[in-house]
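As a basis for the values below, the full set of heavy atoms in this structure was taken, side chains included, without hydrogen atoms, waters or symmetry mates. Everything numeric here is computed off the predicted structure, so don't read it as measured data. Every chain is numbered from 1, with letters handed out A, B, ... down the list of sequences.
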Amino acid sequence: MSKIRTRFAPSPTGKMHVGNLRTALYEYLIAKHEDGTFILRIEDTDQERYVDGAIDIIYRTLEGTGLIHDEGPDKDGGYGPYVQSERMASGIYLEYAKKLVEKGSAYYCFCTKDRLASLKKAVGNVDDDEEDEVKEIIKYDKHCLYLSKEDIEKNLADKIPYVIRQNIPLEGTTSFHDTIFGTITVDNEELDDMILIKSDGFPTYNFANVVDDHLMKITHVVRGNEYLSSTPKYTRLYQDFGWEEPIYVHLPLITNEDHKKLSKRSGHSSYEDLLEQGFLSEAIVNFIALLGWSSPNNTEIMSLSELIRDFDYRGINKSPAVFDMVKLRWMNGEYLKMMDEDDFYKIALPYIKEAIHKDLDYRRIASLVKTRIETLCDIGSMVDFFNELPEYDVEMFTHKKMKTNSENSLNALTELLPRFEALEEYNEASIESVIMSYISEKQIKNGQGLWPVRTAVSGKQSTPGGAYEIMSILGKDESLARIRIAIDKLSKAV
RNA sequence: GGCUCCAUGGUCAAGUGGUUAAGACACCGCCCUUUCACGGCGGUAACAGGGGUUCGAAUCCCCUUGGAGUCACCA
């Protein structure tokens with residue numbers, strides 16, 4: 001059996017959507033699991049939607065996620081060019097379309113937009129409530145198929161704009177086989193004569209895709225489920241050309257929490273957005289790998305190489321998967337916890353510095369925060385109290401489980417303050433011994449001594465680290481100043 | 001609306017004719033603990049409904065219902 005060749009064929013129209021990313025991931029996994037070739041092809045046939053810089057995003061995403069392609073615009077593997085606009089320059093698409101015209105499988109169409117518009121038919125629940133979207137659909141009536149040879153020649157000579165359409169028979173059925181969904185059959189009557197070559201001379205995605213997949217010897221065509229309904233038309237193209245069809249792998253849709261296809265507005269729709277929201281590349285990849293597939297040995301946290309090892313596309317499931325942000329957050333937290341201290345420090349530092357504008361022990365802060373966050377963006381609100389004591393209510397000194405209240409706290413802080421002041425060596429160990437000896441002296445619960453102190457120096461209900469850590473990071477002056485503020489607050493309240 | 005696809009807990013997801021129907025996230029409780037987390041232990045929660053086939057259906061077939069996708073000179 002020949003080696004697997006898969007291709008990722010994005011169009012450079014903006015950000016990298018997670019649906020696209022998952023497609024890329026599965027294409028990569030399918031190829032790499034069997035030591036095959038993963039190809040990048042840029043489908044830039046839509047000039048209107050082309051966005052500058054979008055190609056860079058594609059490269060950066062592939063690199064950032066570790067989905068390294070073996071062939072692509074920057075890596076010639078003998079099947080180039082790998083950018084469709086460049087391929088078009090050689091005229092191949094038009095050439096292939098003309099072959100189809102000769103066979104009668106395609107034809108020139110000179111219909112104007114106006115005529116096409118007159119064919120439109122409103123559809124949907126027009127009279128139901130406004131909720132339903134009303135669409136207009138067209139099924140082309142093959143008007144130009146019946147033009148005489150002379151008329152066609154004349155129109156061409158007169159430079160009347162034209163497109164080339166696929167000629168689909170009115171009768172019969174077309175079937176194709178998909179690895180995930182099985183055999184699907186549709187009536188040809190349902191199939192529209194889709195446009196192969198646009199009036200600007202560019203091929204449509206549909207056409208370029210088929211031609212290029214064939215020419216590049218793609219063995220497995222992997223794409224989103226939304227292409228399922230146009231696949232029969234591709235099948236007809238393959239048949240008309242007399243080409244062997246690739247193995248189809250249509251992936252289940254990724255939806256938002258409303259079970260609708262992920263759209264631009266979902267907020268978590270693109271890889272870039274996710275990075276911006278403090279997620280790690282590895283976690284994102286791991287998470288989306290599990291949208292539609294699960295490991296046979298039931299593990300969930302998997303590196304890319306483990307995915308390559310265990311991935312079997314035959315086990316992909318059919319039903320759509322909701323993109324669950326909550327689980328992604330959990331998984332990201334797991335990745336954060338697994339990181340070694342140095343690596344974590346490096347990536348956490350910018351977030352810490354953004355929240356703290358003082359020269360504190362960032363390293364220590366990072367290690368305190370590491371096991372308590374799910375995304376890097378959680379860091380800010382967790383450490384900002386180091387920068388400035390927040391406003392807080394004296395009620396915070398009252399804690400049932402710790403058995404503290406304002407009175408206890410006032411006593412503890414008042415007695416502790418001079419002892420802290422007297423400290424020559426101010427560090428975690430010495431702070432601890434001051435507090436602990438006070439606790440044993442007074443025969444009180446740990447919480448009764450520690451809660452007031454931690455609350456006083458942080459002004460927060462919960463903090464990364466406890467009283468000793470916070471006081472030592474804050475430094476003596478700042479810590480004591482905060483304790484004095486607390487004593488002041490408390491004496492007014494009691 | 002036509003066509004196509006899908007259907008196990010709130011979510012992801014095992015399961016492929018015989019199971020007490022896994023596991024994970026989330027949620028709840030308990031333990032640990034100087035708070036919150038982390039960690040540990042436990043719990044709530046599912047085969048959409050109805051017909052068949054079969055000794056036996058989550059698993060096979062049909063219908064119903066629900067959901068989604070698609071119907072462009074977009075990809």
Counting the atoms with a prime plus P, OP1 and OP2 as sugar-phosphate, which does [X] contact under 4.0 Å by heavy atoms, base, sugar-phosphate, or nothing?
X: A:Asn206; result: base
X: A:Gly292; result: sugar-phosphate
X: A:Ile373; result: nothing
X: A:Ile184; result: sugar-phosphate
X: A:Glu300; result: base
X: A:Phe202; result: nothing
X: A:Ser458; result: nothing
X: A:Ser199; result: base
X: A:Met331; result: nothing
X: A:Ala321; result: sugar-phosphate
X: A:Gly182; result: nothing
X: A:Val322; result: sugar-phosphate
X: A:Thr463; result: base

- Query: Between A:Val186 and A:Ser11, who's closer to the 5' end of RNA chain B by nearest nucleotide?
  - Reply: A:Val186

- Item | Nearest-nucleotide comparison on RNA chain B, the residue closer to the 5′ end among A:Pro161 and A:Asp187 |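 Residue closer to the 5' terminus by nearest nucleotide: A:Asp187.
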
- Task: Sort out the partner of B:U4 for me: Watson-Crick or G-U wobble, both distances under 3.5 Å, none otherwise.
- Result: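 Here B:U4 is engaged in a pair, and the nucleotide opposite it is B:A68.
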
Looking at [Y] and [X], is any side-chain nitrogen of the basic one under 4.0 Å from a carboxylate oxygen of the acidic one?
X: A:Asp141; Y: A:Arg115; value: yes
X: A:Arg372; Y: A:Asp378; value: no
X: A:Asp46; Y: A:Arg49; value: yes

I need the [atom1]-[atom2] distance between [X] and [N], as an integer number of Å.
X: A:Trp330; N: B:A24; atom1: CH2; atom2: C1'; answer: 6 Å
X: A:Asp192; N: B:G2; atom1: CG; atom2: P; answer: 18 Å
X: A:Lys233; N: B:U4; atom1: NZ; atom2: P; answer: 14 Å
X: A:Phe181; N: B:A7; atom1: CZ; atom2: C1'; answer: 12 Å
X: A:Glu334; N: B:A26; atom1: CD; atom2: P; answer: 9 Å
X: A:Phe323; N: B:C12; atom1: CZ; atom2: C1'; answer: 12 Å
X: A:Phe207; N: B:A72; atom1: CZ; atom2: C1'; answer: 18 Å
X: A:Leu450; N: B:C36; atom1: CG; atom2: C1'; answer: 14 Å

Does [X] make a side-chain N or O approach to OP1 or OP2 of [N] shorter than 4.0 Å?
X: A:Asn446; N: B:U33; result: no
X: A:Thr45; N: B:A75; result: yes
X: A:Lys198; N: B:A75; result: yes

Nearest-neighbour nucleotide for the [X] side chain, [options] considered:
X: A:Lys337; options: B:C38, B:C73, B:A75; result: B:C38
X: A:Ile137; options: B:A26, B:G1, B:A75; result: B:G1
X: A:Ser294; options: B:A13, B:U34, B:A75; result: B:A13
X: A:Met402; options: B:U35, B:U11, B:A22; result: B:U35
X: A:Glu43; options: B:A75, B:A14, B:A26; result: B:A75

- Message: Using 30° and 60° as the class boundaries, would you call the ring planes of A:Tyr162 and A:Tyr108 parallel, tilted or perpendicular?
- Response: perpendicular

- Task: Take the angle between the ring planes of A:His220 and A:Tyr313 and call it parallel below 30°, perpendicular above 60°, tilted in between.
- Result: perpendicular

Rounding to the closest angstrom, what is the interatomic distance between [N] and [M] at atom [atom1]?
N: B:C63; M: B:G2; atom1: P; answer: 16 Å
N: B:U19; M: B:C47; atom1: C1'; answer: 13 Å
N: B:A22; M: B:A45; atom1: P; answer: 12 Å
N: B:G50; M: B:C5; atom1: C1'; answer: 22 Å
N: B:G69; M: B:A75; atom1: C1'; answer: 15 Å
N: B:G1; M: B:U59; atom1: C1'; answer: 34 Å
N: B:G18; M: B:A13; atom1: P; answer: 23 Å
N: B:U54; M: B:U11; atom1: C1'; answer: 35 Å

- Note on the structure: To the nearest 0.5 Å, atom CE of A:Met402 lies from atom OG of A:Ser409 at 12.0 Å

- Quick one: pull up CD in A:Gln448 and OG1 in A:Thr404 and give me the separation to the nearest 0.5 Å. 7.5 Å

- Query: Under 3.5 Å, is there an N or O donor on one side and an acceptor on the other linking the side chain of A:Thr371 and the base of B:C38?
  - Reply: no

- Query: Donor-acceptor pair under 3.5 Å: do we get one between A:Arg372's side chain and the base of B:C38?
  - Reply: no

- Query: Where the side chain of A:Lys142 meets the backbone of A:Ile168, is there a donor-acceptor pair that is under 3.5 Å apart?
  - Reply: yes

- Item | Side-chain donor or acceptor of A:Asp393 paired with backbone N/O of A:Met396 under 3.5 Å | no

- Item | Polar side chain donor-acceptor pair, A:Arg236 to A:Ser105, under 3.5 angstrom |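 There is no such pair between these side chains.
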
- Message: For A:Thr299 and A:Asn297, which I'm curious about, is there any donor-acceptor pair between the side chains at under 3.5 Å?
- Response: yes

Detail all sub-3.5 Å separations between protein N/O atoms and N/O atoms belonging to nucleotides 62-65 of chain B.
none

- Note on the structure: Quick note, ring pair (Phe, Tyr, Trp, His ring centres under 6.0 Å) partners involving residues 180-209 of chain A, not counting sequence neighbours, are A:Tyr205-A:Tyr227

- Message: Does atom CD (A:Glu171) have a neighbourhood of more than 12 heavy atoms from anything else shown, all under 6.0 Å?
- Response: no

Considering only nitrogen or oxygen atoms on both sides, find all protein atoms under 3.5 Å from nucleotides 66-69 of chain B and state each distance.
from	atom 1	to	atom 2	distance (Å)
B:A68	OP1	A:Lys260	NZ	3.4
B:G69	OP1	A:Lys261	N	3.0

- Query: Looking at A:Tyr438, is A:Arg419 sitting on its ring face, NZ or CZ under 6.0 Å from the six-membered ring centre and within 45 degrees of the normal?
  - Reply: no

